[in-house]
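Inspection log for the structure reproduced underneath, given as structure tokens.
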Protein chains: 2
Amino acid sequence: MAERLTPRAREIVAAARALLEESGAAALTMRTLADRLGIKAPSLYKHFPDKHAVEVELTAQMLAESAEALEAAEAHTPGSLETLAEAYRTYALAHPHLYCLATEQPLPRAELPAGLEDRAALPLLRACAGDLDLARAIWAFAHGMVILEIHGRFPADADLDAAWKRGLKVLHV
Amino acid sequence: MAERLTPRAREIVAAARALLEESGAAALTMRTLADRLGIKAPSLYKHFPDKHAVEVELTAQMLAESAEALEAAEAHTPGSLETLAEAYRTYALAHPHLYCLATEQPLPRAELPAGLEDRAALPLLRACAGDLDLARAIWAFAHGMVILEIHGRFPADADLDAAWKRGLKVLHV
DNA sequence: CGTCGTGGCTAACGGCGTTAGCCAGCCTGG
DNA sequence: CCAGGCTGGCTAACGCCGTTAGCCACGACG
């Protein structure tokens, strides 16, 4: 499989990611992105058709990295739902802006590397012994916990560790 | 408790809501909102300090209406987690843009009517017999299912009814 | 040595939220 | 009865945003 991006395009994505993680989605602007690279905004369009295409690359990064995190957890403690959940939560909370960007819009499946979506889902599916419905329920729970926490929807004094534990206990087969 | 808004402000919120529900968050613009009311954008600032304040009112509406939906479900079938979940899902999917707007940002607690957040949470908490951790886990599951569905994150052929059923069965005490 | 692709640039467009400042009409108090 | 001020419109404008058009310098290559 050919490289998805030219070296310059990869530099741009790296700068975009730094900007996003440091300052949030609102700060990810074609002009500030260009600034950080020492060029002017219109030059970015020599490398990407539009801003969305840059965001798609960030989404692909997030998917690939969370897949790696889950695979590592699986390798460390095979079959453990708790370990998988811990890895998911840790990754998402370590990259909240990236997680939101990748998550709060329709998945641009056509523009993503083939197999990436499946790869990200497989460790959980294996831990569920192929039970698709259970895997989706657990994914929804984990995503819900993470996204509600990131957006500050839980009361400040909520014991989220306990809620995670409670949900996982009960979701475990 | 005094009225939160003047009549004119309520008209503006109503127009904002129609715009949002018909055309999505991107279409909710101070200019198009003003257009729909037959005035110019700057005039809106006689009624609201900024766009965020309008969005807060929409968030409050969503919270109040979903609380009503849950209370009605509770009245109809007291203690049933399934009925509550069904009501939550139905409400959210009937108003996807409103649900996202109200959900995908930090809760503006200071600007919301007192007690509203609690009221929205109470039916579920009652169904969980006061078990806060369980209630939060179930809320995360329900929110995750709804938001992933709205954003098209599940595969097109996913059987979401089955995933809901599976999650609820297992979360039910 | 010319030609062409690459990757910069400036200028500009239309749309965004928002501000400043103006004004018509109405309500109210003297 | 009229003066004053409040209410709720208006226009013009600012500084952002994503994006396009069109120009140009430079290096690779036939």
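Chain identifiers are assigned alphabetically (A, B, ...) following the order of the sequence lines, protein sequences preceding nucleic acid strands; residue numbering begins at 1 within each chain.
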Please list, one pair per line, the donor and acceptor atoms closer than 3.5 Å that link side chains of residues 100-107 of chain B to other protein atoms, with sequence neighbours excluded.
residue	atom	partner	partner atom	Å
B/Thr103	OG1	B/Tyr99	O	3.4
B/Glu104	OE2	B/His151	NE2	3.1
B/Gln105	NE2	B/Leu101	O	2.7

Residues [X] and [Y] bridged, charged N to O under 4.0 Å:
{"X": "A/Arg17", "Y": "A/Glu65", "result": "yes"}
{"X": "A/Glu57", "Y": "A/Arg4", "result": "yes"}
{"X": "B/Arg36", "Y": "B/Glu22", "result": "yes"}
{"X": "B/Arg166", "Y": "A/Asp131", "result": "yes"}

Side-chain touch A/Leu171/B/Phe141, heavy atoms, less than 4.5 angstrom: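 Side-chain contact under 4.5 Å: no.
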
Side-chain atoms of residues 25-33 of chain A: list all donor-acceptor pairs with protein atoms under 3.5 Å, sequence neighbours left out, distances to 0.1 Å.
residue	atom	partner	partner atom	Å
A/Thr32	OG1	A/Ala27	O	2.9
A/Thr32	OG1	A/Thr29	N	3.4
A/Thr32	OG1	A/Thr29	O	3.2

Donor + acceptor pair across side chains of B/Ser80, B/Thr83 (<3.5 Å):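 B/Ser80 vs B/Thr83: donor-acceptor pair found between side chains.
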
Sorted by number, the residues of residues 15-26 of chain B with heavy-atom contact under 4.0 Å to DNA chain D: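 Nothing qualifies; none.
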
Leading and trailing nucleotides of DNA chain D with any atom under 4.0 Å from heavy atoms of chain B: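 Endpoints of the contacted stretch of DNA chain D: D/dG8 to D/dA13.
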
Rounded distance (Å) that lies between atom P of C/dG17 and atom CG of B/Asp50: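 Taking CG of B/Asp50 and P of C/dG17, I get 11 Å after rounding.
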
Can you give me the N/O atom pairs linking the protein to nucleotides 6-8 of chain C at distances under 3.5 Å, or say none if there are none?
residue	atom	partner	partner atom	Å
C/dG8	OP1	A/Arg8	NE	2.9
C/dG8	OP1	A/Arg8	NH2	3.3
C/dG8	OP2	A/His47	NE2	3.1
C/dG8	O6	A/Lys46	NZ	2.9

Sequence neighbours excluded - salt bridge (charged side-chain N to carboxylate O under 4.0 Å, His left out) pairs with any residue from residues 67-80 of chain B: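 Residue pairs with at least one partner in residues 67-80 of chain B: B/Glu71-B/Arg119, B/Glu74-B/Arg126.
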
Heavy atoms of other groups near B/Lys165 NZ, more than 12 under 6.0 Å: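 Check fails, neighbour count at 12 or below.
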
